[in-house]
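So you know, we letter chains A, B, ... as the sequences are listed, proteins then strands, and number each from 1. Hydrogens, waters and symmetry mates are skipped; everything else that's a heavy atom, side chains included, is used.
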2 protein chains.
Amino acid sequence: MFQVPTKTQYAIRALVHLVHAKSASVASIAEAEHIPSKYLEAILGKLKNAGLLISERGRNGGYRLAKDPTLIPMSEVVQATEGEIRLVECVDNAAVCILGEGCLPRHFWLGLKSAVDLYLESVTLAEIAGPETSST
Amino acid sequence: MFQVPTKTQYAIRALVHLVHAKSASVASIAEAEHIPSKYLEAILGKLKNAGLLISERGRNGGYRLAKDPTLIPMSEVVQATEGEIRLVECVDNAAVCILGEGCLPRHFWLGLKSAVDLYLESVTLAEIAGPETSST
DNA sequence: TATAATTCCTACTAAATAAGTCTGAATATA
DNA sequence: TATATTCAGACTTATTTAGTAGGAATTATA
């Protein structure tokens, strides 16, 4: 449980890269971060669809952040790569559980989900990227 | 990320059953909880090896809790079925990370792990099992 | 002592998910 | 037009999870 997929780790590395680089192509990020470039391509596509990145096609194209990293909670990043976190079926879909509201294990899982969500919402991409090294 | 394996959900259901039943065979738990009995067999074996259960072989044998459920934090249960939680390689094994202590993503993952661990340690099996229904 | 009910052990199969590749179209720039 | 790029989908491979099969070891009891 709770093995973080490399997909997500890659996504974070790429985003951190973009915080510092302003703009970069898939190939350049892949090389700098040692990520298979075709795989990264798909991951950045997801981040774009989630509204975290903006892309420019054609020559001199590439990706850049769609908003200030201080405004991007990590919960958004995780959600973008993996979709909604669903610990157990019954947590999101109470109808599945015969016991319904009275189900104690369900409360347990809800609590865990909320602990995770709260943490992910409390950290921003900017904090993970650290102090800007570039000028201005 | 964070899909809880059915293995662990089964383990919890079985443990809750044993909180109320005092003692039961694999077959009886499997039937009551609708869990494939051969699979459950393996799961209870793990819980036993982790020191959560005590077994009795032979006729009239079965499993019972090794200690009071108020003394069993859910962290122990999860650990028993899945082994140590390892979010990302570098979290447990700092040597893997080139950046070492200065690695901000690593701090992020450490924080997440600690949020999860704290929660799991804060809930006991007794709380999940709910009020005892049997007398005495 | 024979039998039945049980845990225990090891190997195997099947299903699901994650990781990664391939091919090529669409788009922009020089 | 040639080149560098994103975009889209199908495809392959690897890893993990879920579940099954068969039988050995142990124990109570008839």
Non-hydrogen side-chain atoms of [X] and [Y] separated by less than 4.5 Å:
| X | Y | answer |
| --- | --- | --- |
| B:Trp109 | B:Arg106 | no |
| B:Gln3 | A:Leu87 | no |
| B:Phe108 | A:Ile12 | yes |
| B:Thr124 | B:Leu71 | no |
| A:Leu65 | A:Ile54 | no |
| A:Val26 | A:Tyr63 | yes |

Can you confirm whether the side chains of B:Thr8 and B:Thr81 place a donor and an acceptor under 3.5 Å from each other?
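There is such a pair between these side chains.
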Assess whether a salt bridge exists between A:Lys46 and A:Glu82, defined as any Lys/Arg side-chain N lying under 4.0 Å from an Asp/Glu carboxylate O.
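No.
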Would one find a side-chain N or O of A:Lys48 under 4.0 angstrom from OP1 or OP2 of D:dC7?
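Yes, because at least one side-chain N or O of A:Lys48 sits under 4.0 Å from OP1 or OP2 of D:dC7.
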Qualifying residue for side-chain contact (heavy atoms from CB on, under 4.5 Å) with A:Leu15, from A:Ile72, A:Leu53, A:Ile128
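Only one of A:Ile72, A:Leu53, A:Ile128 forms a side-chain contact (heavy atoms from CB on, under 4.5 Å) with A:Leu15, namely A:Leu53.
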What are the residues of residues 55-67 of chain B, sorted by number, that bring a heavy atom to within less than 4.0 Å of DNA chain D?
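Heavy-atom contacts with DNA chain D come from B:Arg57, B:Gly58, B:Arg59, B:Asn60.
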Between B:Tyr119 and A:Tyr119, is the ring pair (Phe, Tyr, Trp, His ring centres under 6.0 Å) condition met? List the steps.
CA-CA 12 Å; B:Tyr119 178 76; A:Tyr119 178 76; over 10 Å; no
Heavy atoms within less than 4.0 Å of DNA chain C: which residues of residues 35-43 of chain B have one? Give them sorted by number.
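Under 4.0 Å from DNA chain C: B:Lys38, B:Glu41.
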Shoot me the first and last contacting nucleotide of DNA chain C against chain A, ordered 5' to 3', at under 4.0 angstrom to non-hydrogen atoms.
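With heavy atoms of chain A under 4.0 Å away, the range is C:dA19 to C:dT29.
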